[in-house]
Engineer: 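I am attaching a structure below and will ask some questions about it afterwards.
The residues of the chain are indexed from 1 along the displayed sequence. Just the heavy atoms: all of them, side chains too, but no hydrogens, waters or symmetry mates, feed the values below.
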Amino acid sequence: METPKAPSQATIKVCIHKDCALRGSQDVYQNLKEGLAPEEAVVLRVDECFGFCEEGPNIALNDNILRGVKPFLAVEQVR
(Lines give C-alpha, C1' and ligand atoms only; values in the text may rest on other atoms or scores of the structure.)
Protein backbone atom coordinates (compact mmCIF):
# COMPACT_ATOMS: atom_id res chain seq x y z
CA MET A 1 0.00 0.00 0.00
CA GLU A 2 1.37 3.41 -0.98
CA THR A 3 1.91 6.13 1.61
CA PRO A 4 -0.46 9.12 1.19
CA LYS A 5 1.31 12.23 -0.10
CA ALA A 6 1.57 15.50 1.80
CA PRO A 7 0.44 18.50 -0.30
CA SER A 8 4.00 19.67 -1.09
CA GLN A 9 5.47 16.20 -1.35
CA ALA A 10 6.88 15.13 -4.71
CA THR A 11 6.47 11.70 -6.27
CA ILE A 12 9.66 10.37 -7.84
CA LYS A 13 9.64 7.22 -9.93
CA VAL A 14 13.06 5.74 -10.68
CA CYS A 15 13.15 3.45 -13.70
CA ILE A 16 14.90 0.18 -12.88
CA HIS A 17 14.20 -1.35 -16.28
CA LYS A 18 17.16 -3.11 -17.92
CA ASP A 19 18.81 -0.18 -19.74
CA CYS A 20 18.46 2.30 -16.88
CA ALA A 21 19.62 -0.34 -14.40
CA LEU A 22 22.77 -0.89 -16.46
CA ARG A 23 23.42 2.86 -16.32
CA GLY A 24 23.14 3.13 -12.52
CA SER A 25 19.48 3.64 -11.66
CA GLN A 26 19.80 1.58 -8.47
CA ASP A 27 22.39 4.07 -7.17
CA VAL A 28 20.11 6.97 -8.18
CA TYR A 29 17.26 5.35 -6.23
CA GLN A 30 19.45 4.78 -3.16
CA ASN A 31 20.76 8.35 -3.14
CA LEU A 32 17.26 9.79 -3.48
CA LYS A 33 15.92 7.58 -0.67
CA GLU A 34 18.78 8.55 1.62
CA GLY A 35 19.07 12.20 0.59
CA LEU A 36 15.43 13.31 0.64
CA ALA A 37 13.29 13.52 3.75
CA PRO A 38 9.98 11.60 3.69
CA GLU A 39 8.05 14.87 3.75
CA GLU A 40 9.94 16.03 0.63
CA ALA A 41 9.25 13.06 -1.62
CA VAL A 42 7.94 9.55 -2.06
CA VAL A 43 10.64 7.68 -3.99
CA LEU A 44 9.51 4.58 -5.88
CA ARG A 45 11.31 1.99 -7.99
CA VAL A 46 9.36 1.19 -11.12
CA ASP A 47 9.99 -1.31 -13.89
CA GLU A 48 8.42 1.08 -16.34
CA CYS A 49 10.20 2.43 -19.39
CA PHE A 50 9.95 6.20 -19.85
CA GLY A 51 11.06 5.92 -23.49
CA PHE A 52 14.54 7.46 -23.25
CA CYS A 53 16.56 4.32 -22.58
CA GLU A 54 19.72 5.48 -24.36
CA GLU A 55 19.78 8.60 -22.15
CA GLY A 56 19.24 6.86 -18.79
CA PRO A 57 19.10 6.50 -15.94
CA ASN A 58 15.76 8.25 -16.04
CA ILE A 59 13.35 9.37 -13.34
CA ALA A 60 9.86 10.83 -13.38
CA LEU A 61 9.50 13.77 -11.00
CA ASN A 62 5.76 14.40 -10.66
CA ASP A 63 5.43 12.92 -14.18
CA ASN A 64 8.17 15.17 -15.65
CA ILE A 65 10.93 13.00 -17.08
CA LEU A 66 14.52 13.79 -16.12
CA ARG A 67 17.05 11.99 -18.32
CA GLY A 68 20.64 11.02 -17.65
CA VAL A 69 20.43 11.51 -13.89
CA LYS A 70 23.81 11.03 -12.23
CA PRO A 71 23.67 9.22 -8.88
CA PHE A 72 25.86 11.79 -7.11
CA LEU A 73 23.73 14.69 -8.44
CA ALA A 74 20.28 13.10 -8.13
CA VAL A 75 19.21 14.91 -4.95
CA GLU A 76 20.35 18.31 -6.25
CA GLN A 77 18.63 17.77 -9.59
CA VAL A 78 15.35 16.95 -7.85
CA ARG A 79 15.52 19.88 -5.47
Engineer: Counting only pairs under 3.5 Å, give me each side-chain donor-acceptor contact of residues 27-35, with atom names and distances, residues two or more places apart or in other chains.
Structural biologist:
{"unit_1": "Gln30", "atom_1": "NE2", "unit_2": "Glu34", "atom_2": "OE2", "d": "3.0"}
{"unit_1": "Asn31", "atom_1": "ND2", "unit_2": "Pro71", "atom_2": "O", "d": "2.7"}

Engineer: Only pairs at least two apart or in different chains count here, so list each side chain to side chain donor-acceptor pair (under 3.5 Å) that has a residue in residues 14-25.
Structural biologist: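 For residues 14-25, and leaving out neighbouring residues, the side chain to side chain donor-acceptor pair (under 3.5 Å) pairs sorted by first residue read His17-Asp47.
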Engineer: Under 3.5 Å, which donor-acceptor pairs link side chains of residues 48-57 to any protein atom two or more places apart or in another chain?
Structural biologist:
{"unit_1": "Glu55", "atom_1": "OE1", "unit_2": "Arg67", "atom_2": "NH1", "d": "3.4"}
{"unit_1": "Glu55", "atom_1": "OE2", "unit_2": "Arg67", "atom_2": "NH1", "d": "3.3"}

Engineer: For the CG atom of Leu61 and the CD atom of Gln77, what is their distance to the nearest 0.5 Å?
Structural biologist: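 CD of Gln77 is found 10.5 Å from CG of Leu61.
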Engineer: Start with the C-alpha gap between Val43 and Val14, add the side-chain angles, then the distance that decides, and say whether side-chain contact (heavy atoms from CB on, under 4.5 Å) holds.
Structural biologist: CA-CA 7 Å; Val43 183; Val14 180; 4.2 Å; yes
Engineer: List the atom of Ala60, the atom of Ile65, and the distance in Å for their closest heavy-atom pair.
Structural biologist: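 Shortest heavy-atom separation between Ala60 and Ile65 comes out as CB-CD1, 3.9 Å.
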Engineer: Does Ile59 reach the side chain of Val78, with side-chain heavy atoms less than 4.5 Å apart?
Structural biologist: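 Side-chain contact under 4.5 Å: yes.
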Engineer: To the nearest 0.5 angstrom, please state how far the CD1 atom of Ile12 sits from the CG atom of Leu66.
Structural biologist: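 Result: 8.5 Å between the selected atoms.
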Engineer: Can you list the other members of the hydrophobic cluster that holds Ile16, where links are side-chain heavy atoms under 4.5 angstrom apart?
Structural biologist: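 Joined to Ile16, directly or through intermediates: none.
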Engineer: Using 0.5 Å steps for rounding, measure from the SG atom of Cys15 to the CG atom of Asn58.
Structural biologist: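 With rounding to 0.5 Å, SG (Cys15) is 6.5 Å from CG (Asn58).
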Engineer: Could you list all the salt bridge (Lys or Arg N to Asp or Glu O under 4.0 Å) pairs where at least one residue sits in residues 68-79, not counting sequence neighbours?
Structural biologist: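 Salt bridge (Lys or Arg N to Asp or Glu O under 4.0 Å) check on residues 68-79 returns Glu40-Arg79.
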Engineer: So do Arg45 and Gln26 actually touch side chain to side chain, heavy atoms under 4.5 Å?
Structural biologist: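 The answer is yes; the side chains approach within 4.5 Å.
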